[in-house]
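Have a look at the structure below, then the notes.
Computed from a prediction, not measured in an experiment: that's the story for all the values here.
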Amino acid sequence: MHEHKAVFISISSLNDLSTEHVVTECVTQCTVEQTPKVFDQGTIFSVKMCGGLKYYVGICSIKPTMEGLKRMLAKPTVRKEPVTADMFKAMVEATGPEPPLSEVRLLAVCLVAFAGFLHCNELIKLKCSDITFNAEDMVINVQSSKTDQYRECASLVIAHTGSVTCPVSMMERYFHMGKLDRISHGMLFRAIVLTKEGESLRNAGGLSYSSLRELLLDKIAKLGFDPALFGMHSLPAGGAIAAANAGVQDTLFKRHGCWKSESAKDGYGKDSVQRWLEFSKDLGI
């Protein structure tokens, strides 16, 4: 809760000062203890009406003061840490040889988001019929993507890797254990209920962002990591960074992630130490 500081201006104070100067001083006084989100046009209008001040105050006249205070009070954006392939291997090892349906569901979510650069809002909209299994790969029909402004990235292909963290094998296992119909238009990732036979998926409905986030952070905490450093965006970010460090061709990298722009794609360029060393060696000095 932010504490607003009231400022009262007497009419007599306007005799020696211009309206612009009085309002600028008042905005500065009542804003320095507030965050940029609290400081908006509402603050200015409150000052304008304070103490019977009825002079017109143009917003543009004190805009520089507003922008300067926003920069002064702003806090740097702290990005969440990306997940890594080693973290997934630790997850698989922790679940054991015969994991319950709930664990398989979480692993399927994480591995598909990692391999497909998929955000949470894209995952929770997937239907069973959006997944097609082939001999060597899995095709995901992404209905909507916040990074695909031209809606050209309708299909996403993920290959069989043959490892314990293979996203295709984990998704096939999820379909089998959840008894999902591959041609159904029902939601792919659903809530789990306990029955006499064990865990089973609900017949309808899907998972929310908050539910998936809670499941992911709980698992990360059990692995010994600080959950405050991670979020749902850690999954696609981790996959994108791993692909960038592996030297994936730039055009394929952008196509797979459906990036809006070069700047959006470049936001995932967190190079490994090894890549930095290789870069230095390639300079020819």
Q. Nearest heavy-atom pair of Leu126 and Asn141: which atoms, and what distance?
A. CD2-O, 3.8 Å

Q) With sequence neighbours excluded, what pairs up with Lys222 under the salt bridge (Lys or Arg N to Asp or Glu O under 4.0 Å) test? A) Asp218

Q. With sequence neighbours excluded, what pairs up with Ser210 under the side-chain contact (heavy atoms from CB on, under 4.5 Å) test?
A. Ser208

**Q.** side-chain contact (heavy atoms from CB on, under 4.5 Å) partners of Asp226, counting only residues at least two apart
**A.** Ala228, Leu229

**Q.** Option passing side-chain contact (heavy atoms from CB on, under 4.5 Å) with Cys120 (candidates Leu212, Leu216, Leu235)
**A.** Leu212

Q | Distance, nearest 0.5 Å, that separates CG of Asp130 from CD of Glu122 | A | 12.0 Å

Q) With sequence neighbours left out, which residue pairs that include part of residues 120-141 fulfil the ring-ring contact (aromatic ring centres under 6.0 Å, His included) condition? A) Phe133-Phe175

**Q.** Note, Met170 side chain near Leu107 side chain (heavy atom, < 4.5 Å)
**A.** yes

(Q) For a quick test of reading the model, state the closest non-hydrogen atom pair linking Pro99 to Val104 and the distance between them. (A) CG-CG2, 3.7 Å

Q | Pair Val112-Met138, side-chain contact (heavy atoms from CB on, under 4.5 Å): steps then yes or no | A | CA-CA 10 Å; Val112 169; Met138 171 179 66; 4.2 Å; yes

(Q) Are Ile158 and Asp137 packed together at the side-chain level, in the sense that at least one heavy-atom pair is separated by less than 4.5 angstrom? (A) no

Q: Check Ile220 against Pro227 and note the closest heavy-atom contact, atom names and distance.
A: CG2-CA, 4.4 Å

Q: With the side chain counted from C-beta on, respond yes when Met187 and Leu201 share a heavy-atom pair under 4.5 Å apart, and no when they do not.
A: no

Q) Apart from Ile183 itself, what residues make up its hydrophobic cluster when side-chain heavy atoms of I, L, V, M, F, W and Y under 4.5 Å apart count as a link, directly or indirectly? A) none

(Q) Donor-acceptor pair, distance only, cut-off 3.5 Å: does the side chain of Ser129 make one with the backbone of Ser184? (A) yes

Q) Any idea which heavy atoms bring Ala85 and Phe114 closest together, and the distance? A) N-CZ, 4.3 Å

Taking only distance into account, with no hydrogens and no angle test, what donor-acceptor pairs under 3.5 Å do side-chain atoms of residues 162-169 form with protein atoms, sequence neighbours excluded?
from   : atom 1 : to     : atom 2 : distance (Å)
Ser163 : OG     : Thr161 : OG1    : 3.1
Ser163 : OG     : Thr165 : N      : 3.4
Ser163 : OG     : Thr165 : OG1    : 3.2

Q. Would Met171 and Leu180 satisfy side-chain contact (heavy atoms from CB on, under 4.5 Å), going step by step from the backbone distance to the final call?
A. CA-CA 11 Å; Met171 183 64 78; Leu180 293 172; over 6 Å; no

(Q) If hydrophobic clusters are built from ILVMFWY residues whose side chains come within less than 4.5 Å, do Met232 and Met87 share one? (A) yes

Q. Which residue pairs satisfy the salt bridge (Lys or Arg N to Asp or Glu O under 4.0 Å) criterion with at least one member in residues 176-203, sequence neighbours excluded?
A. none

**Q.** Minimum-distance pair of heavy atoms, taken over all atoms of His119 and Pro236
**A.** CD2-CG, 4.1 Å

Q.
Once rounded to the nearest 0.5 Å, what's the spacing between atom OG1 of Thr132 and atom CD1 of Ile140?
A. 9.5 Å

Q: Would you mind listing every ring-ring contact (aromatic ring centres under 6.0 Å, His included) that reaches into residues 182-230, with sequence neighbours excluded?
A: Tyr174-Phe189

**Q.** Connected hydrophobic set around Leu215, excluding itself, where side chains approach under 4.5 Å
**A.** Leu106

(Q) Listing request: all salt bridge (Lys or Arg N to Asp or Glu O under 4.0 Å) pairs with a residue in residues 158-174, at least two apart in sequence or in separate chains. (A) none

**Q.** Close side-chain approach of Leu156 and Val139, heavy atoms under 4.5 Å
**A.** no

Q: Indicate the atoms forming the closest heavy-atom contact of Lys80 with Ser234, along with that distance.
A: CB-OG, 3.7 Å

Q. If you look only at pairs with a residue in residues 86-106, which of them pass as a salt bridge (Lys or Arg N to Asp or Glu O under 4.0 Å), with sequence neighbours excluded?
A. Glu103-Lys219

Q | Distance in Å, Ser200 OG paired with Leu194 CG, rounded so as to fall on 0.5 Å steps | A | 8.0 Å

